[in-house]
Amino acid sequence: MEEKTINNLENRKKKASIYTKTIIAAFVPLLAVLLLGVCGSSNNFVIAIAIAFVTIPTFYYITKDSSAKQKWIQLPIFAFVMVATHLVGYGPFIAMRLIAFAFAILSVLLIEALNVSLKTKYLLIAFLMLFSIPLVYVGSANLFTYLVVKEQYSKVEQPFPFSYAFVTKEGDTLTEANLQGKNVAIFFWSSHCANCHKELPHFSDLAAQYEGDTTKVFIAAFVSFDEASDSAFYESETSRESAFTWAKALDSKQVMLDLGFNAFPHVTYINKKGEVVYNGFLSNRPWIFAYHPRKFLEL
């Protein structure tokens, strides 16, 4: 009887130890994120990839010697702690991290369900860690685009009130009167936006696909916060050849307020009826299929 009691106590201690390790291990993805921050990276796509990358071996390690029953207890413990440590900040960024976590957990469960040798399992872990890089990047980019567009779209009145104007580099003024009845694509950019320089060529490529189509207007609208310092910058940047129209947005604060954005670059598509049909990021890439602009521009 005494020996049985001792065995029961040892088993309880063993179980407690397993679950304690599970809680501790659930903080590993957060530590990876903090380490990236120390190294100077705040890119959320990189963070999402890192989470999937470290979660796969971490969760496999703490569950590889557990019984089936213990694994199903470890899973919600690990999930709860890890999710709780990432539910801070901007919603779309959180979603990117959770999709990485979901991929990692599903990968581990798949590996553990396979009746293969230990060596094969380790090879699968290595493969899935590498595979998580493109998969999580593409999945996160699409989810992020979808959520941001959905959020910003909800802030816009319909039909959109064209209460401001764009002044082109040539000095022409584009207003509601001469944009009405056309599909209008507007790329908002600013002097302090590094990503704008990377995205403007893609916007030009998109505009070039509809060259000669007078029913569509493509505008790269510069949003200035300091006219004195931004003037020279604007003149320099707009000296490049492009398939779109270079312009300045007048009353910049009102523009941003109406469209509900506070970061650049920002893209808005307005259809012939004056309705905003897209309000978010430029997604003119084959692998970003969430809200691809072509389906709106071809209306």
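- Side chains of Gln74 and Thr63: no donor on one and acceptor on the other come within 3.5 Å.
- Side-chain atoms of Glu275 and Asn271 include a donor-acceptor pair closer than 3.5 Å.
- Rounding to the nearest 0.5 Å gives a distance of 15.5 Å between CE of Met82 and CD1 of Ile77.
- Phe53 and Tyr61 fall within a single hydrophobic cluster, where Ile, Leu, Val, Met, Phe, Trp and Tyr are joined by side-chain heavy atoms under 4.5 Å apart, directly or via other members.
- Here NE2 of His202 is found 9.0 Å from CD1 of Ile288. Values are rounded to the nearest 0.5 Å.
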Next on the checklist: Quick one, Tyr269 with Asn183, criterion side chain to side chain contact (heavy atoms under 4.5 Å, CB included). Give me CA distance, side-chain angles, the key distance, then yes/no.
Outcome noted: CA-CA 7 Å; Tyr269 297 115; Asn183 287 316; over 6 Å; no
Checklist entry - Passes side-chain hydrogen bond (donor to acceptor under 3.5 Å, both in side chains), Ser17 versus Thr20? Steps please. => result CA-CA 5 Å; Ser17 176; Thr20 301; over 6 Å; no
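- When side chains are defined from C-beta on, Ile47 does not count as touching Met96, because their heavy atoms never get closer than 4.5 Å.
- Minimum heavy-atom separation, Ala104 to Ala52: CB-O, 3.9 Å.
- Residues Pro265 and Phe187 share a closest heavy-atom pair of CB-CZ, 3.3 Å.
- Taking NZ of Lys21 as the start and CD1 of Ile24 as the end, the distance is 9.0 Å to the nearest 0.5 Å.
- Side chain of Thr145 to main chain of Ala141: a donor-acceptor pair is present (N/O by atom type, distance under 3.5 Å, no hydrogens or angles).
- Using cut-offs of 30° and 60° on the angle between ring planes, the pair Phe261 and His266 is parallel.
- Phe131 contributes atom CZ, which lies 8.5 Å from atom OG of Ser107 (distance to the nearest 0.5 angstrom).
- Here the shortest heavy-atom pairing between Leu114 and Leu124 reads CD1-CD1, 3.6 Å.
- Hydrophobic clustering (side-chain heavy atoms under 4.5 Å, transitive across Ile, Leu, Val, Met, Phe, Trp, Tyr) groups Val148 together with Leu87.
- The 12-atom threshold is not exceeded at OH of Tyr146, counting heavy atoms of other residues, nucleotides or ligands nearer than 6.0 Å.
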Item to check | Criterion side chain to side chain contact (heavy atoms under 4.5 Å, CB included) on Leu259 and Val156, from CA distance to verdict | outcome: CA-CA 6 Å; Leu259 292 172; Val156 182; 4.3 Å; yes
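- Minimum heavy-atom separation, Gly280 to Gln152: CA-OE1, 3.6 Å.
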Item to check | Pair Tyr122-Ile125, side chain to side chain contact (heavy atoms under 4.5 Å, CB included): steps then yes or no | outcome: CA-CA 5 Å; Tyr122 287 154; Ile125 289 173; 4.1 Å; yes
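- Note: Leu143 CG to Leu98 CG = 9.0 Å, rounded to the nearest 0.5 Å.
- Formation of a donor-acceptor pair under 3.5 Å by the Ser190 side chain with backbone atoms of Val223 is found in this model.
- Checked by atom type and distance alone, the side chain of Gln70 pairs as donor or acceptor with a backbone atom of Ser67 at under 3.5 Å.
- Thr120 places no side-chain N or O within donor-acceptor distance of the main-chain N or O of Val116, the cut-off being under 3.5 Å.
- Between the side chain of Asn142 and the backbone N or O of Phe289 there is at least one donor-acceptor pair closer than 3.5 Å.
- Asn279 contributes no side-chain N or O that, together with a main-chain N or O of Val149, makes up a donor-acceptor pair within less than 3.5 Å.
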Checklist entry - Does the side chain to side chain contact (heavy atoms under 4.5 Å, CB included) test come out yes or no for Phe166 and Lys248, once each step is laid out? => result CA-CA 5 Å; Phe166 302 108; Lys248 281 186 179 181; over 6 Å; no
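- The shortest side-chain heavy-atom distance between Ser204 and Glu241 does not fall under the 4.5 Å cut-off.
- Looking at heavy atoms from C-beta onward, Val54 lies out of side-chain contact with Leu31 at the 4.5 angstrom threshold.
- Hydrophobic clustering keeps Val167 apart from Phe188 (ILVMFWY residues linked when any side-chain heavy atoms are closer than 4.5 Å, directly or through intermediates).
- Within a 6.0 Å radius of NZ in Lys169, more than 12 heavy atoms belonging to other residues, nucleotides or ligands are found.
- Ser66 pairs with exactly one of Thr22, Ile73, Ile18 by the side-chain contact (heavy atoms from CB on, under 4.5 Å) rule, that one being Ile18.
- No side-chain donor-acceptor contact under 3.5 Å links Thr58 to the backbone of Thr55.
- Remark: side-chain polar atoms of Asp172 are not paired, donor with acceptor, to backbone N or O of Thr168 under 3.5 angstrom.
- Aromatic ring pairs are classed by plane angle as parallel below 30°, tilted from 30° to 60° and perpendicular above 60°; the pair Trp189 and Trp246 is perpendicular.
- Contact between Phe244 and Leu200 at its shortest, heavy atoms only, is CE2-O, 3.7 Å.
- Within the 4.5 Å cutoff, side-chain heavy atoms of Asp258 are placed close to those of Gln254.
- In this structure, Phe59 and Phe78 have tilted ring planes: the angle between them lies in the 30° to 60° band.
- For the side-chain contact (heavy atoms from CB on, under 4.5 Å) with Cys196, the lone residue among Phe222, Phe264, Phe203 that qualifies is Phe264.
- Under the 4.5 Å side-chain contact rule for hydrophobic residues, Ile94 and Phe103 share a cluster.
- In this structure the side chain of Ile186 reaches within 4.5 angstrom of the side chain of Val184, judged on heavy atoms.
- No salt bridge links Lys64 with Glu112; every basic N to acidic carboxylate O contact stays at or beyond 4.0 Å.
- Across Ser224 and Asp230, no two heavy atoms sit closer than the pair OG-OD2, 2.9 Å.
- Val108 and Leu110 fall into different hydrophobic clusters, where Ile, Leu, Val, Met, Phe, Trp and Tyr side chains are chained together by heavy-atom contacts under 4.5 Å.
- Relative to the six-membered ring of Tyr60, Lys121 misses at least one condition, a distance below 6.0 Å or an angle of at most 45° to the axis.
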Item to check | Verdict with supporting geometry, Gln209 and Asp205, side-chain hydrogen bond (donor to acceptor under 3.5 Å, both in side chains) | outcome: CA-CA 7 Å; Gln209 295 173 30; Asp205 291 341; over 6 Å; no
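- Relative orientation of the Phe218 and Tyr210 rings is parallel, given thresholds of 30° and 60° on the angle between their planes.
- Atom CD of Glu211 has 12 or fewer heavy atoms from other residues, nucleotides or ligands within 6.0 Å.
- Under a 3.5 Å cut-off, the side chain of Asn178 and the backbone N or O of Thr175 do form a donor-acceptor pair.
- Between the OG atom of Ser140 and the CG atom of Asn44 there is a distance of 9.0 Å, given to the nearest 0.5 Å.
- In Asn43, the CG atom is crowded: over 12 heavy atoms of neighbouring residues, nucleotides or ligands sit closer than 6.0 Å.
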